[in-house]
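Just so it is clear: chains get the letters A, B, ... in the order the sequence lines come, proteins before strands, and each one is counted from 1. As the structure is a computational prediction, the values presented were derived from the model and not from experiment.
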Amino acid sequence: MFAVFRKPKTFKLRALHSQKKFGVAGRSCQEVLKKGCLHLQLPVAGSRLCLYEDGTELTGDYFWSVPDNSELVLLTSGQTWQGYVSDISGFLSAFHRPSAGLIQAARQLLSDERAPLRQKLLADLLHTISENIAAETRAEDPPWFEGLESRFQSKSGYLRYSCESRIRSYLREVNSYAPTVGEEAQGEYTRIVDLMCQKLRAVQYNGSYFDRGARAGLRLCTPEGWFCCQGPFDVDSCASKHSINPYGNRESRVLFSTWNLDHIIEKKRTVVPALAEAVTERDGREVAWEYFYSLLFTSENLKLVHIACHKKTTHKLSCDPHRIYKLPTKSKRRRPARKCQ
DNA sequence: TCGTTCTTCTGTCGTTATCT
DNA sequence: AGATAACGACAGAAGAACGA
C-alpha cells in the first residue's frame with residue numbers, strides 16, 4: 001500500500017535532554033524528521049529519530065508499526081540516546097555506593113519538598129541508602145541497637161535471639177495444649193513435646209534462620225542480611241517483591257518484626273490438633289513426632305512473609321495422613337529422656 | 001555470692017476473619 | 001454493624017541457670 005493513502009502518523013517529539021515536547025504528524029520517517037528539525041532549528045543532515053522509551057531508531061520499516069502518539073527524541077549527528085530505561089538504571093547505579101554529597105543533596109531536596117509523592121520517593125530513597133548494612137557490632141553501629149538490652153552486642157546475635165524467641169513461643173503453645181488431650185494420652189503427649197524440646201535445643205531453636213552469619217542452608221537471608229518475602233502460603237512467590245534488610249538500620253530492624261513466620265499447614269487449627277489426635281488414636285502405633293516437629297518449627301512448613309502477604313484465613317490444608325505414624329520397624333532401644341520444660 | 005544472661009509467662013497490639 | 005476469635009508478634013516481669 002502506498003503511504004500517501006494512509007492517515008498520517010502522530011508523534012510527540014523532543015530534542016535530546018529537553019523536557020519540552022511538541023506534536024508532529026507525517027507519512028514517513030523522513031517527513032517527521034524534516035518537520036522536527038525545522039521546529040527545533042536543527043540540521044536534517046546526520047539527524048535521526050529514536051523512541052524515547054528505549055532508544056530504538058525509527059527507520060522506514062519500523063515507522064508504521066509503532067503506536068500513534070509515541071514519544072520520540074530527535075538526535076543530531078554524534079548524539080545518542082539509550083532510552084529512559086537506561087536513565088533509571090544509571091540513576092540506580094549512582095546509589096549503589098552513594099557518596100556523602102549525594103546523600104546530603106537528597107536530604108536537602110527532601111527538606112524542601114512539598115509534594116507527597118516526591119516526598120515519599122525521596123524519603124524511601126534516603127532510608128535505603130543510609131543503611132549501614134556492613135556494620136555488625138554495637139561499636140560499629142550504635143543507633144541500630146538503640147532500645148535493646150546491653151547484652152546484645154551484635155546484630156546477628158539479636159536477630160538470632162528474636163527468631164529463637166518466635167520458635168520458642170510455638171513450642172509453648174504446643175505444650176499448653178497438653179491439658180486438653182485425654183487422660184490416657186497425656187503422658188505420651190508430654191513425652192513427645194519433651195522430645196521436640198530437646199531437638200529444638202540441639203539446633204538452638206532454629207535461630208539461624210535470621211542469622212546472616214549462619215551457613216547457607218540454615219539461614220533465610222543472603223550473607224548481607226537481605227530477606228525476601230516468600231509470598232502467601234498458597235502462592236509460590238511474592239507478587240509485590242517485598243524485601244527487607246533488618247541489619248541495615250534501626251527502622252528496618254523494627255519493621256522486620258512485623259514480618260511473620262506463617263505456618264503453611266496451620267499450627268493452631270491443624271497441626272497441634274492433629275498431633276493430639278494422633279497420640280489419642282495411636283492404638284499401639286508410634287507417632288512420627290519428627291514429622292510434626294518439621295511442620296511446627298522448621299522452614300519446611302514456615303514461610304517468612306511481609307504482613308501484607310500474611311493471609312489469616314483458614315488455610316484448609318491438612319497433615320499428610322501417611323506420615324502421622326512411623327512405619328513398623330524393628331524396635332529401637334529408647335534412651336531415658338532428660339527433663340525438658 | 002552476686003550480677004548477668006537465658007527462659008518462661010503474661011498482657012497487649014494490630015490486623016483480619018468470622019460469628020451473631 | 002458490632003462483637004469476638006485467631007494469628008503472629010513484642011515488651012516487660014519474674015524466675016532459673018550460669019559464671020566469675
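- When rounded to the nearest whole Å, the span between CG of A/Leu148 and P of C/dG12 equals 11 Å.
- If you measure from atom CD of A/Glu173 to atom C1' of C/dA9, you get 12 Å, rounded to the nearest angstrom.
- Of the residues in residues 252-262 of chain A, A/Ser257, A/Trp259, A/Asn260, A/Leu261, A/Asp262 come within less than 4.0 Å of DNA chain C through at least one heavy atom, sorted by number.
- Remark: P of C/dC7 and OH of A/Tyr177 are 11 Å apart, rounded to the nearest angstrom.
- At least one donor-acceptor pair under 3.5 Å links the side chain of A/Lys35 to the backbone N or O of A/Ala25.
- Separating the CG atom of A/Leu200 from the P atom of B/dT8 is a distance of 10 Å, rounded to the nearest angstrom.
- Under a 3.5 Å cut-off, the side chain of A/Arg285 and the backbone N or O of A/Arg282 do form a donor-acceptor pair.
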Polar atoms only, N or O, under 3.5 Å: list the protein pairs with nucleotides 2-7 of chain B and their distances.
residue, atom, partner, partner atom, Å
B/dC6, OP2, A/Arg151, NH1, 2.7
B/dT7, OP2, A/Arg168, NH1, 3.2
B/dT7, OP2, A/Arg168, NH2, 3.3

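- The side-chain heavy atoms of A/Leu33 and A/Ser47, taken from C-beta on, include a pair separated by under 4.5 Å.
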Exercise answer: donor-acceptor pairs, residues 214-226 of chain A side-chain atoms, under 3.5 Å, sequence neighbours excluded:
residue, atom, partner, partner atom, Å
A/Arg219, NE, A/Ala214, O, 2.8
A/Arg219, NH1, A/Cys221, O, 3.0
A/Thr222, OG1, A/Glu224, N, 3.2
A/Thr222, OG1, A/Glu224, OE1, 3.2
A/Thr222, OG1, A/Gly225, N, 3.3
A/Thr222, OG1, A/Trp226, N, 3.1

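- No donor-acceptor pair under 3.5 Å is formed between the side chain of A/Glu266 and the backbone N or O of A/His263.
- Computed from coordinates, the A/Leu171 CG to C/dG8 C1' distance equals 16 Å when rounded to whole Å.
- Both the sub-6.0 Å distance and the 45° axial angle are not jointly satisfied by A/Arg253 relative to the ring of A/Tyr247.
- Between A/Tyr170 atom OH and B/dT8 atom P the separation is 16 Å, expressed in whole Å.
- Neither A/Ile133 nor A/Trp144 shares a network with the other; the hydrophobic side chains, linked directly or stepwise wherever heavy atoms of I, L, V, M, F, W or Y lie under 4.5 Å apart, form separate groups for each.
- A/Glu277 places no side-chain N or O within donor-acceptor distance of the main-chain N or O of A/Pro273, the cut-off being under 3.5 Å.
- Remark: the backbone N or O of A/Lys326 is not paired with any side-chain donor or acceptor of A/Tyr291 at under 3.5 angstrom.
- For the helix from B/dT1-C/dA20 to B/dT20-C/dA1, the terminal axes (five pairs an end, C1' atoms, rotation from four pairs onto the next four) enclose an angle of 20°, given to 10 degrees.
- You'll find the side chain of A/Glu131 reaches within 4.5 Å of the side chain of A/Ser252, heavy atoms only.
- Taking 4.5 Å as the limit, some side-chain heavy atom of A/Phe233 sits within range of a side-chain heavy atom of A/Leu317.
- A/Glu31 and A/Lys34 are not joined by a salt bridge, as no carboxylate oxygen comes within less than 4.0 angstrom of a charged side-chain nitrogen.
- Here the side chains of A/Tyr62 and A/Leu51 are in contact, with some heavy-atom distance below 4.5 Å.
- Between A/Phe233 atom CZ and C/dG8 atom C1' there is a gap of 15 Å when expressed in whole angstrom units.
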Within the sub-3.5 Å range, which N or O atoms of nucleotides 10-19 of chain B have a protein N or O partner, and how far apart are they?
residue, atom, partner, partner atom, Å
B/dG14, N2, A/Lys312, NZ, 3.4
B/dT15, O2, A/Lys312, NZ, 2.9

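- Atoms CD1 (A/Ile265) and C1' (C/dA6) sit 18 Å apart, rounded to a whole Å.
- For A/Gln230 (side chain) and A/Leu304 (main-chain N/O), a donor-acceptor pair under 3.5 Å exists by modelled atom type.
- For C/dG8, one of the phosphate oxygens OP1 or OP2 lies less than 4.0 angstrom from a side-chain nitrogen or oxygen of A/Lys267.
- A donor and an acceptor atom, one from each side chain of A/Thr76 and A/Gln79, are located under 3.5 Å apart.
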Annotated protein contacts, base or backbone, on nucleotides 14-20 of chain C with a non-hydrogen cut-off under 4.0 Å, one of B, S, - each: -------
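- Nearest heavy atom pair, residue A/Val272 against residue A/Val174, reads CG2-CG2, 4.0 Å.
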